[in-house]
Amino acid sequence: MSGRDDDDESREYASPACFMHEIDPAYMGLAPAEPHDVMRWRAAERERLIAQRMALSPDARASYSRLIAERLDTLVPEVAGRAISLYWPFRGEPDLRPWMATVTARGGKALLPVVAGKGQPLTFRAWAEGEKLERGVWNIPYPAEGPEVTPDVVIAPLVGFDRDFYRLGYGGGYYDRTLAGLAGQPMAIGVGYGLQEIATIHPQPHDVPMQAIVTEWCLRRRS
């Protein structure tokens, strides 16, 4: 797979953020090869990256979320008739709820994930502003009613990511398990902030790479 930035939509920066892991020693820590050691390394890296994300000011997160939404319009320009899964923002994640509303307004179907149970894949239900929500795992809202819908596009929040398009999540494996089993191979897009890029997540056999990564600084597609 290629790590080229042929589709880089970045603005002008003296040191392009999409390459920060190559110039910042903080991004160069390597994990041991043993799976249990990788798990411990990931847990520590996860906490570090979440702390960095939450240290961003509310204004910065709002600005970055708008830029990410603009890049999603470039990546997914036609939403009419398509089912697009997003997420409810949690612990400083990019807030794409305004973009989710435009999906519905443009004739698409916005979905939110539902955790069916530990060790099980996610399911997805349609949701529009004003419809009833329930509180689920980590107190994250999910649609209280409605049939399950298979998404055409899955937009997954990132805790971390690397240049091979692998996603570091919260450790439950929900998205990996879901993407591996979904029929029709929906387009998988990871979204996050540029500061969440690391040299490698040390992917394991169960990890599923994203087809695209979108941050406030760049848009990358996996070729």
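What you are looking at is a predicted structure, and each value in this text was computed from that prediction instead of being measured.
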Side-chain heavy atoms of W217 within contact of Y193, under 4.5 Å: no
Ignoring hydrogens and geometry, is there a side-chain-to-backbone donor-acceptor pair from T104 to A128 under 3.5 Å? no
Applying salt bridge (Lys or Arg N to Asp or Glu O under 4.0 Å) to R66 and not counting sequence neighbours gives none
Return the minimal non-hydrogen interatomic distance between E93 and Y170, and the atom names on each side. OE2-OH, 2.6 Å
Please name all residues satisfying salt bridge (Lys or Arg N to Asp or Glu O under 4.0 Å) with R82, sequence neighbours left out, ordered by chain then number. none
Calculate, to the nearest 0.5 Å, the distance between atoms CZ and CD1 belonging to R42 and I201 respectively. 4.5 Å
Sorted by chain and number, sequence neighbours left out, salt bridge (Lys or Arg N to Asp or Glu O under 4.0 Å) with R40 holds for D37
L49 vs R53 side-chain heavy atoms within contact, under 4.5 Å: no
Taking W99's backbone N and O only, do any of them form a donor-acceptor pair with T102's side chain (distance below 3.5 Å, no angle check)? yes
Are Y174 and V114 linked, directly or through intermediate hydrophobic residues, by side-chain heavy-atom contacts shorter than 4.5 Å (ILVMFWY only)? no
Is there side-chain contact between T200 and D164, with heavy atoms separated by less than 4.5 Å? no
What residue pairs, at least two apart or across chains, pass salt bridge (Lys or Arg N to Asp or Glu O under 4.0 Å) with a residue in residues 142-155? none
Measuring only between side-chain heavy atoms, which start at C-beta, is T215 closer than 4.5 Å to V191? no
What's the separation between atom CD in E45 and atom CD1 in I198, rounded to the nearest 0.5 Å? 5.0 Å
Test item: F161 and L168 side chains (from C-beta on) under 4.5 Å apart, heavy atoms: no
Given 3.5 Å as the limit, does a donor-acceptor pair link the side chain of D176 with the main chain of V208, or not? yes
Main-chain N/O of L56 paired with R61 side-chain donor or acceptor, under 3.5 Å: yes
Taking side chain as C-beta onward, heavy atoms only, is R125 less than 4.5 Å from P147? no
Where do A83 and V149 come nearest, in terms of heavy atoms and distance? CB-CG1, 3.9 Å
Show the numbers, then the answer: is there a side chain to side chain contact (heavy atoms under 4.5 Å, CB included) between Q120 and R177? CA-CA 7 Å; Q120 298 183 38; R177 194 175 297 113; 5.6 Å; no
Verify, without hydrogens or angle tests, whether Q204 (side chain) and H202 (backbone) share a donor-acceptor contact under 3.5 angstrom. yes
Could you measure the distance from the OG atom of S85 to the CE atom of M100? Nearest 0.5 Å is fine. 9.5 Å
Once you round to the nearest 0.5 Å, how far does CD of E131 lie from CG of L112? 10.0 Å
Is there a donor-acceptor pair closer than 3.5 Å between any side-chain N or O of R221 and the backbone N or O of A212? no
Please find the pair of heavy atoms, one from G192 and one from P94, that lie closest to each other, and give the distance. CA-CG, 4.0 Å
What's the shortest heavy-atom distance between P186 and Q211, and which atoms? O-OE1, 3.0 Å
Measure the spacing between CD of E47 and CD of Q52 and express it to the nearest 0.5 Å. 12.0 Å
Would you find a donor on one side and an acceptor on the other, under 3.5 Å apart, between the side chain of R167 and the backbone of M210? no
Y142 with Y87, same ILVMFWY side-chain cluster at under 4.5 Å: no
So the ring pair (Phe, Tyr, Trp, His ring centres under 6.0 Å) pairs with at least one residue in residues 105-135 (sequence neighbours excluded) are W88-W127
Between I213 and L219, is a side chain to side chain contact (heavy atoms under 4.5 Å, CB included) present by the stated rule, with each step listed? CA-CA 6 Å; I213 298 287; L219 184 167; over 6 Å; no
Would you say the side-chain atoms of E216 pair up with the backbone N or O of S65, donor to acceptor, closer than 3.5 Å? no
Looking at side-chain heavy atoms only, is the closest gap between L111 and L86 below 4.5 Å? no
Validation row: P121, Y175 side chains within 4.5 angstrom (heavy atoms): no
How long is the gap from CG on D162 to CG on D207, to the nearest 0.5 Å? 9.0 Å
Go through the steps to decide whether I140 and V137 satisfy the test side chain to side chain contact (heavy atoms under 4.5 Å, CB included), and finish with yes or no. CA-CA 6 Å; I140 298 173; V137 176; over 6 Å; no
Looking at D95 and R97, would you say the former's side chain and the latter's main chain have a donor-acceptor pair under 3.5 Å? yes
So does L158 get a backbone contact from the side chain of Q196, meaning a donor-acceptor N/O pair under 3.5 Å? yes
Residue pair V153, I189: steps toward the side chain to side chain contact (heavy atoms under 4.5 Å, CB included) verdict: CA-CA 8 Å; V153 178; I189 304 170; 3.8 Å; yes
So salt bridge (Lys or Arg N to Asp or Glu O under 4.0 Å) across residues 98-123, not counting sequence neighbours, yields D73-R106
